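Please read the structure below before turning to the comments.
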Amino acid sequence: MQANLRAISELLLEDIVRTEPMKKRFYNECYADTGALSRDALISQQVLKARYASLFTPQEGTPTLEPAKGQDEEGGLTNQILTEALAKRPIVLLGDVGVGKTSFLEDLIYIRAPKEFDNSLLIYVDLGSKAALNTDIKAHVLNEIERQLYAKYQVDVYEDGFVRGVYDLDIKRFRRSFRVASLKDDTDAIATEINKFLGETVAEKSEHLRRSIEHLALGRQKQIIFMIDNADQRTTAIQQEAFLIAQELAQGWNALVFIAVRPQTFFQSKRAGVLAAYPHKVFTIDPPRPEVVIEKRLLFALKVAEGKIPASMLQGVRLSIDSMAHFLKALLFSLEHNRSLTEILANISGGNIRAVVEFVTQFIGSPNVEAEKIVRIQSQTGKYSIPLHEFSKAAILGDYSHFNPNSSLAMNLFDVQSPDPREHFLCSLIVAVLMYDQTAKDKDEFVQTSVLLSTMQALAFLPAQIEGALRRLTNKKLIETTERITFEEDLTGLVGAMPHGFRVTTVGAYHLRRWIGAFAYLDAVLFDTPIFDEQAEATISQNLESFDIHQRLERTTAFRNYLTEAWDASGLKVPYFDWHAVVRDGQETFDAVRRAVEGLQKKHAMQQRSQSWNNRGTNK
């Protein structure tokens with residue numbers, strides 16, 4: 001059942017929305033406006049508002065950042081976008097991974113400005129999956145223009161009549177040239193020479209396509225629009241090349257050009273000189289509220305599953321669809337009635353809406369979720385409230401039985417890089433000091449790297465320990481840098497120069513405020529944490545492979561006790577983090593597990609007593 005649910009969930013929540021017949025209805029019902037600040041975010045509203053701030057120092061000449069809007073009140077494209085287009089500058093859409101840059105563009109096409117796009121020659125170039133094997137991006141863009149002109153507009157740019165129409169004035173001028181004049185009235189020779197001339201002309205593919213699309217737009221009285229999307233899925237070099245292509249299309253092709261990029265690429269390109277004379281204005285894409293996106297997606301998927309929205313690809317999977325409908329109803333009921341579920345969605349994603357959708361998709365078919373029980377109770381009672389620990393377990397473990405630091409949405413805050421028990425708390429201390437109100441921050445909530453280093457060094461941590469922790473926290477998205485960079489990895493570990501500053505993300509805040517002391521988190525990460533006490537290691541290692549909840553409670557309690565002893569021995573006393581407070585905050589999750597264990601023990605005892613009475617009756 002879980003395998004089937006996973007397949008159907010991927011179909012309903014991810015694949016079906018990519019099919020052309022579904023797109024218009026999907027965006028009409030499911031698109032969530034960008035920029036709405038989540039009510040469940042565990043960081044300040046100022047950080048959310050200043051998502052793309054501090055990419056550059058105040059001394060650098062930088063473009064103006066302005067939130068993108070699909071249309072103005074009268075409909076159609078906004079005046080800001082049209083102004084940029086008239087200035088022959090590409091319209092840069094700046095956004096982090098998964099915030100909805102592609103969704104913004106497609107919503108613009110199908111919902112916000114359909115009249116403008118219906119009356120245009122639209123060339124949509126996907127530099128992500130469709131160009132994954134192509135390293136010559138300029139050639140790929142030119143090939144896409146040629147292919148889409150034929151597929152969408154039935155125009156073959158090498159068809160004889162079309163070519164002669166494009167170069168009609170050139171042919172007339174060529175007839176007066178010395179090459180034709182010397183042939184006098186030799187018709188066949190003149191025709192041959194003209195064909196040779198046209199062959200030479202169309203051989204320059206870039207210029208031929210530019211002339212062709214210009215001729216087509218003029219003849220059909222249509223605006224030319226290019227969209228270069230998913231460049232941010234490629235290497236920095238390819239992304240910078242995409243910038244230059246967008247610039248050339250905007251200036252030389254008389255076209256309206258959109259290009260979507262990541263902040264870190266924009267920063268690197270500006271520093272490298274590619275953007276030296278680039279746009280005066282950049283439009284930012286802020287993520288929508290994750291809980292709103294998921295609710296709309298689930299409702300849409302439920303309509304499809306119940307047959308209210310027909311989908312030919314779902315024929316023949318009726319049984320799985322029925323189970324899927326019950327699961328979707330349970331999810332919708334739980335999200336509506338359990339604020340802690342919307343909170344985890346809003347925070348663990350860090351604004352990556354694509355990651356939220358993928359997480360919910362994986363949750364539905366996760367082997368760590370009791371899908372059969374959920375479907376059974378939902379079908380019998382009409383409602384089932386999924387508990388928070390089910391969501392946490394799916395986020396922390398994914399599809400694995402044990403914690404895998406590479407695939408998990410969570411980071412093991414207790415992991416160490418040196419044989420120092422105090423380092424168990426270094427990552428938590430860094431996140432905590434970034435969240436601390438008394439820490440010196442700039443207007444966008446960034447803390448200078450020098451301040452962080454000196455603060456942690458004052459606690460007797462070495463620079464190598466601190467920088468290693470900062471790099472790991474950054475790459476797991478618990479904190480972010482001023483330049484929005486991540487760190488490369490070589491044989492020695494994560495490397496790269498330290499940026500100007502850091503600030504906490506919603507991912508880091510959720511780790512520190514909700515996960516770090518909770519049973520589900522500690523139960524998972526104990527497998528990934530070096531233990532420096534032999535007695536504690538021996539206790540934790542007992543029945544280590546057992547999934548019995550009673551034994552899991554015992555070893556997780558022993559792990560927490562080990563961390564408490566390590567904290568007490570560390571001498572770490574700071575106003576922004578206290579391990580004993582963490583233990584107190586997480587105690588309720590341990591108590592809930594203990595109550596479950598006691599309930600199972602009572603149930604088992606009653607079953608044994610009942611079996612004993614049955615046996616006595618049989619003997620009599």
Side-chain angles (χ1 to χ4, degrees), residues 34-35 50-56 60-70 78 80-81 84-85 87-109 123-132 134-135 137-138 140-141 144 225-251 255-287 350-355 477 480-486 499:
T34 63
R51 185 177 188 90
Y52 302 114
S54 299
L55 272 174
F56 302 98
E60 292 182 88
T62 60
T64 303
L65 298 180
E66 182 172 319
K69 297 178 182 178
T78 61
Q80 294 102 321
I81 288 177
E84 289 295 293
K88 293 191 175 182
R89 292 190 291 262
I91 295 154
V92 178
L93 300 176
L94 190 75
D96 290 313
V97 179
V99 298
K101 299 186 291 296
T102 298
S103 295
F104 177 85
L105 290 172
E106 295 202 328
D107 181 67
L108 206 60
I109 295 170
I123 306 295
Y124 179 89
V125 181
D126 183 358
L127 295 182
S129 58
K130 291 186 178 179
N134 199 329
T135 56
I137 295 304
K138 185 171 184 179
H140 173 74
V141 171
E144 274 296 292
I225 301 178
F226 287 99
M227 288 184 171
I228 301 177
D229 195 14
N230 291 322
D232 53 4
Q233 295 181 14
R234 309 299 299 276
T235 64
T236 301
I238 289 178
Q239 291 178 59
Q240 292 183 346
E241 189 176 351
F243 277 133
L244 297 176
I245 291 171
Q247 178 89 10
E248 181 181 337
L249 291 174
Q251 288 185 344
L256 176 62
V257 183
F258 293 86
I259 180 168
V261 298
R262 295 180 191 178
Q264 56 266 46
T265 306
F266 189 82
F267 171 84
Q268 291 167 350
S269 299
K270 184 72 169 68
R271 287 283 170 88
V274 176
L275 296 177
Y278 217 65
H280 298 302
K281 189 175 292 182
V282 171
F283 298 95
T284 58
I285 304 290
D286 292 296
N352 188 332
I353 302 303
R354 188 185 307 148
K477 311 301 183 186
E480 64 183 359
T481 71
T482 42
E483 295 86 350
R484 311 306 192 275
I485 60 170
T486 53

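All of these numbers come straight from a predicted model, not from anything done at the bench. Hydrogens, waters and symmetry mates play no part in the numbers below; they use all other heavy atoms, side chains included.
Across Thr482 and Pro499, no two heavy atoms sit closer than the pair OG1-CB, 4.2 Å. Closest approach of Pro90 to Ile259, counting heavy atoms only: CB-CG2, 4.4 Å. The two atoms that bring Leu93 and Phe104 nearest to each other are CD1-CD2, 3.9 Å, heavy atoms only. Closest non-hydrogen pair, Ala250 versus Val257, comes out as N-CG2, 3.6 Å. Residues Gly98 and Asn352 come closest through the heavy atom pair CA-OD1, 3.2 Å. Here the shortest heavy-atom pairing between Pro287 and Gly351 reads CB-O, 3.3 Å.
Atom-to-atom distance recorded for Met227:CE and Leu256:CG is 7.5 Å, nearest 0.5 angstrom. Taken to the nearest 0.5 Å, the CD1 atom of Ile123 stands 11.5 Å off from the CD1 atom of Ile228. Ile137 CD1 to Glu241 CD: the interatomic distance, rounded to the nearest 0.5 Å, is 6.5 Å. In this structure, Arg354 CZ and Asp96 CG are separated by 11.0 Å, a value rounded to the nearest 0.5 Å.
Under the side-chain contact (heavy atoms from CB on, under 4.5 Å) criterion, Thr102 pairs with Glu106, Tyr124, Asp229, Asn230, sequence neighbours left out.
Counting heavy atoms from C-beta outward, His140 and Val125 have side chains that approach closer than 4.5 Å.
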### Task
Determine, stepwise, if the pair Leu108 / Phe258 fulfils side-chain contact (heavy atoms from CB on, under 4.5 Å).
CA-CA 11 Å; Leu108 206 60; Phe258 293 86; 4.0 Å; yes
### Derivation of the side-chain contact (heavy atoms from CB on, under 4.5 Å) call for Leu94 and Val261
CA-CA 5 Å; Leu94 190 75; Val261 298; 3.7 Å; yes
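Of the possible polar contacts, one joining the Lys101 side chain to the Gly95 backbone as a donor-acceptor pair under 3.5 Å is found.
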